Asker: 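Before anything else, here's the structure in question.
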Protein chains: 2
Amino acid sequence: MARKKRINPRKSPAQERSRFTVEQIIQAATQVFAEWGYAGATTNHIAERAGVSIGSLYQYFPNKEAILVTLAKRHVEIAGNLLMGLVAERNLIETDLTEVLRPFIQATLELHTGNPRLNYVILSEAVWSAEAMEQVHALEDQFIDQLALTLDTHRQVSVKNSRHAAYIVVHAIKNLAHEFVIHPPAGMSEEAFVEEMVALVGGYLNR
Amino acid sequence: MARKKRINPRKSPAQERSRFTVEQIIQAATQVFAEWGYAGATTNHIAERAGVSIGSLYQYFPNKEAILVTLAKRHVEIAGNLLMGLVAERNLIETDLTEVLRPFIQATLELHTGNPRLNYVILSEAVWSAEAMEQVHALEDQFIDQLALTLDTHRQVSVKNSRHAAYIVVHAIKNLAHEFVIHPPAGMSEEAFVEEMVALVGGYLNR
DNA sequence: ATTAAATATGAGCAATTACTCGTAATTTGG
DNA sequence: CCAAATTACGAGTAATTGCTCATATTTAAT
């Protein structure tokens, strides 16, 4: 799509009043993007839902895409912190691999169940504005690196290349969770799905 | 996006001349969608690239979405035939599981390497026009059912629920291949990726 | 050769929409 | 209390674009 747009905020909110405005816009955008998709969502609609004027919206976001990037960054950050926290609060020397894996997978699934559409918008738009999403991918890579270190720590895990393994694990879980919530397969419960995923990833890490 | 559009051809080409026209449109659409994304692609642009008038395009496709659906169906059909053929031409009683898995994964990867962007357009748009993509998903489900039967045949495979297993296997391979070609991770070759995938899926099926 | 059906054309319309800019209201600092 | 800075407003615009339709051309049928 050949985009070369600024994605940084046109202006940073300084007063409490404007910080509230920006937050309203973000909340509204979350709903509208999820409901209508990226192309279907209009900036006017977002502003309306946020209860602010279209002019105010463009004071803080230079364009539509910048709004989505903000959403994406927030999402990845929240997810990253939650998941790494989950791993960190467990003793990796003593805990069985499955006991770490299952909550990890469950949490990822819930993260996607919460707002499946929004995730899809973020994922699909990311392709067409690679530079804009650089920051998002940087966060993701950072997460993978962290996980790679963790893998090295766990006694049950034996992989040649922990970076490669972390990449496979993260994206297997992320993408299959996506798939599952977007096109729920007939005759497979959430619990069943989680167990299959535990088997898939557990078997891969522990050989 | 609340779409309720007809997606079936407005008119079926009867003469050789028009069949050629339709084929030109499909080829052009493949390129233009891949290059610009769904929203970025314009029907006028597609017609132009195809070397036909915009009027001709709308004689055979009721709207832009119908063009994408046609592309998607074709893609799934080709991929399905290729992959099932790959499995079919091997003797599952004697062949080692890995010997079936590796070419399967390689072929899937190549399928995506060929036109990564187009795949993404299809995937991401599918969410916003569920009914339109019904036919596409029917084809996918059919493929999973077929694979489930095959899994039951292979002696090395031992899974509780072959339907579930087929679902996991197909989507793990498909989605990770996507991920890999769209955001190639630094420091991981195609070969390395394939081997990791063989380990992932092989370990899951053979326990 | 004549008619009817199929196919091709493309100018232009109707609708949508991202975004601007001049102005007004509110808050802050001194 | 006042001036400067910040924030809010929203009507309007410029550009885009999916799609129609009246007309022309080509092919098939008799």
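All values below were derived from every heavy atom in this structure, side-chain atoms included, with hydrogens, water molecules and symmetry-related copies excluded. Remember, predicted model here, so these are calculated numbers, not experimental data.
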Asker: Tell me, please, which residues at least two apart from A:His164 pass ring pair (Phe, Tyr, Trp, His ring centres under 6.0 Å).
Answerer: none
Asker: Using a cut-off of under 3.5 Å, enumerate the N/O to N/O pairs linking the protein to nucleotides 2-10 of chain C.
Answerer:
| from | atom 1 | to | atom 2 | distance (Å) |
| --- | --- | --- | --- | --- |
| C:dT7 | OP1 | B:Ala14 | N | 2.7 |
| C:dT7 | OP1 | B:Gln15 | N | 2.7 |
| C:dT7 | OP1 | B:Ser18 | OG | 2.7 |
| C:dT7 | O4' | B:Arg17 | NH2 | 3.4 |
| C:dA8 | OP1 | B:Thr21 | OG1 | 2.4 |
| C:dA8 | OP2 | B:Tyr60 | OH | 3.0 |
| C:dA8 | N7 | B:Gln59 | OE1 | 3.4 |
| C:dT9 | OP2 | B:Ser53 | N | 3.0 |
| C:dT9 | OP2 | B:Ser56 | OG | 3.4 |
| C:dG10 | N7 | B:Gly55 | N | 3.2 |

Asker: Give the rounded distance in Å between these two atoms: NE2 of B:His45 and P of D:dC19.
Answerer: 17 Å
Asker: If the condition is salt bridge (charged side-chain N to carboxylate O under 4.0 Å, His left out), which residues does B:Glu23 pass it with, not counting sequence neighbours?
Answerer: B:Arg74
Asker: Sequence neighbours excluded, which residues qualify as ring pair (Phe, Tyr, Trp, His ring centres under 6.0 Å) partners of A:His75?
Answerer: none
Asker: Does the separation of the ring centres of A:Phe33 and A:Tyr38 fall below 6.0 angstrom?
Answerer: yes
Asker: Rounded to whole angstrom units, what separation is found between the CD atom of B:Glu48 and the P atom of D:dC19?
Answerer: 18 Å
Asker: Is there a donor on the side chain of B:Asn63 or the base of D:dC19 sitting less than 3.5 Å from an acceptor on the other?
Answerer: no
Asker: For B:His45, what residues pass the ring pair (Phe, Tyr, Trp, His ring centres under 6.0 Å) criterion, not counting sequence neighbours?
Answerer: B:Trp36
Asker: Using atom CD of A:Glu65 as one end and atom C1' of C:dT17 as the other, report the distance to the nearest whole Å.
Answerer: 16 Å
Asker: Of all residues at least two apart in sequence or in a different chain, which pass the side chain to side chain donor-acceptor pair (under 3.5 Å) check with B:Thr98?
Answerer: B:Asp96
Asker: Can you check the B:Asn44 CG to D:dT17 P distance for me, whole Å?
Answerer: 9 Å
Asker: Rounded to whole angstroms, how far apart are CD on A:Gln24 and P on D:dT7?
Answerer: 16 Å
Asker: Could you state the NZ-C1' distance from A:Lys64 to C:dT20, rounded to the nearest angstrom?
Answerer: 18 Å
Asker: To the nearest Å, give me how far apart CD (A:Glu23) and P (D:dA8) are.
Answerer: 13 Å
Asker: For A:Ile25 and D:dT7, what is the distance between atoms CD1 and P respectively, to the nearest whole Å?
Answerer: 12 Å
